[in-house]
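A quick note: this is a predicted structure, and the numbers were derived from the prediction, not measured. First listed ligand is number 1; within each ligand, the first listed atom is number 1.
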Amino acid sequence: MKRRRFAAALAATGLAATWATPAWSQAAGKKLVIGFAQTGAESEWRTANTDSVKAAAQAAGYELKFSDAQQKQENQIKAIRSFIAQKVDVIILAPLVTTGWDTVLKEAKAAKIPVILESRNVVVKDPSTWTTFVGSDFVEEGRRAAQWLLGHTKNTTGTVNIVELQGTVGSDPAIERKKGFEEVLKAHPRYKIIRSQTADFTRAKGKEVMEAFLKAEGKKINVLYAHNDDMAIGAIQAIEEAGLKPAKDILVIGVDAVKGAFEAMIAGKMNVSVECNPLLGPQLMEAAAKAAAGQQLPRWIKSIEGVFPAEVAAKEFPNRKY
Ligand code: AHR
């Protein structure tokens, strides 16, 4: 292909003029092949995330090889190795936990396959083994949850006892949502986290762990801070079964702003959800095309998100897409 015609073909695909091999393949009409190593289907959020990536790949005309790791890091590592063996153009990884990725990401780099992180970040010795992170600022989400609590309880006095349901141990959102929440409350000693335990981002475990919290602390609990809405929804059931009123006897704070949380807020059972956007598919496809073309990407393609208190839930509900 002559250089000028090739540049025109690249422009038509929305890619900048770079002479990296994958860009040539695309311009020559080869489908971009992406391997997606997803965590699993632990939450409403995750299902929306998977659907978004699948729909965006289809809309872009790319081939998506999808792997559901069922919450096991070893399955994600196996999936990445299989994508490398299949010589995919780009790998998208939603890392279950932050650590343990050094070796496999090095293998992807050695095979010259760009790795895009989505929805969760990693901690590795060599950051050049991944290209960009597409997702949220989890520390900020934790801060927003605490700021809502401070505002909502500003006219009260005395100790505010909080129980916390953490996400998957060692996962980026669990670590950072905790950090951001504590960072804000540090300056306000009357707010005390009296119990904090993982419930793995699932409804079933959210209910189970909340039952244990209620057994141990009973009516002492003033606030539930759950690292995602699914755990909050499970906990709401436990609160009701204990004969207490969620959102009244115990304030309920969740993260994600999924439809289930809006339904709970409209029903008067949940107070607020801090948004975490799962609809990352279109940004991921754009980043994948650029990465395959050898283009430089920003280290972080950050999601823009809000906070939805119960007062706005009914009005906002019709606009929600997940
Ligand atoms: O990584 C994002 C988190 O993972 C979501 O907040 C949670 O619901 C999901 O399981």
Side-chain angles (χ1 to χ4, degrees), residues 36-53 68-73 75-76 92-99 101 116-123 130 132-145 148 164-181 198-207 209-210 224-236 252-264 270 272-281 283-284 300-308 320-322:
F36 178 25
Q38 179 60 289
T39 57
E42 72 278 5
S43 61
E44 212 180 309
W45 190 99
R46 190 60 59 188
T47 308
N49 178 244
T50 297
D51 291 349
S52 168
V53 176
D68 175 338
Q70 299 184 343
Q71 305 301 306
K72 290 200 176 83
Q73 185 180 26
N75 289 347
Q76 289 195 297
I92 297 176
L93 167 65
L96 186 70
V97 290
T98 52
T99 57
W101 302 104
I116 295 174
L117 304 175
E118 79 105 33
S119 82
R120 298 183 187 181
N121 214 326
V122 296
V123 177
W130 55 274
T132 186
F133 166 57
V134 181
S136 308
D137 184 338
F138 301 125
V139 178
E140 186 54 28
E141 289 171 357
R143 288 189 197 117
R144 286 178 181 160
W148 177 87
E164 180 182 33
L165 289 174
Q166 295 180 37
T168 302
V169 175
S171 71
D172 187 30
I175 297 166
E176 306 218 317
R177 284 174 187 159
K178 181 168 185 55
K179 190 167 148 194
F181 190 72
T198 182
D200 224 2
F201 283 130
T202 70
R203 280 186 197 203
K205 288 197 185 147
K207 179 169 188 276
V209 178
M210 190 66 195
L224 161 69
Y225 168 45
H227 288 187
N228 82 345
D229 290 335
D230 281 74
M231 294 187 293
I233 292 163
I236 286 170
V252 179
I253 305 171
V255 181
D256 281 352
V258 292
K259 280 191 177 161
F262 277 78
E263 281 158 4
M270 188 165 166
V272 65
S273 186
V274 175
E275 190 179 29
C276 178
N277 185 8
L279 307 180
L280 306 176
Q283 285 164 299
L284 283 165
W300 189 357
I301 301 170
K302 214 192 262 193
S303 311
I304 297 162
E305 293 156 343
V307 175
F308 296 96
R320 301 304 292 167
K321 295 198 168 59
Y322 61 92

Under 4.0 angstrom from ligand 1, any heavy atom of Arg177?
-> yes
Mark up the atoms of ligand 1 that fall under 4.0 Å of a heavy atom belonging to Glu42, in ascending order.
-> 4 (O), 9 (C), 10 (O)
With a cut-off of 4.0 Å, which atoms of ligand 1 are near a heavy atom of Ser43?
-> 7 (C), 8 (O), 9 (C), 10 (O)
Would you mind checking if Glu44 and Arg320 are paired as a salt bridge, meaning a charged N to carboxylate O distance below 4.0 Å?
-> no
Quick look: Glu176 vs ligand 1, heavy-atom contacts under 4.0 Å, and the answer is neither
In terms of residue, atom name and distance, what is the protein heavy atom nearest to atom 4 (O) of ligand 1?
-> Arg120 NH2, 2.9 Å
Return the residue, atom name and 0.1 Å-rounded distance of the protein heavy atom closest to atom 2 (C) of ligand 1.
-> Arg46 NH2, 3.7 Å
Which of parallel (below 30°), tilted (30 to 60°) and perpendicular (above 60°) describes Phe133 and Trp300?
-> tilted
Flag Asn228 as yes when one of its N or O atoms lies below 3.5 Å from any N or O atom of ligand 1, and as no otherwise.
-> yes
Per-atom filter on ligand 1: closer than 4.0 angstrom to a heavy atom of Pro173 are 1 (O)
Min N/O separation Asp256 to ligand 1 under 3.5 Å | yes
Got a salt bridge between Arg46 and Glu118, using NZ or NE/NH1/NH2 to carboxylate O under 4.0 Å?
-> yes
Would you check if the side chain of Asp229 reaches a backbone N or O of Ala261 as a donor-acceptor pair within less than 3.5 Å?
-> no
Without hydrogens or angle criteria, can the side chains of Ser119 and Asn49 be said to hold a donor-acceptor pair below 3.5 Å?
-> no
Looking only at heavy atoms, what is the nearest atom pair of Met231 and Phe201, with distance?
-> SD-N, 3.4 Å
Should the pair Arg177-Glu164 be classified as a salt bridge under the 4.0 Å nitrogen-to-oxygen rule?
-> no
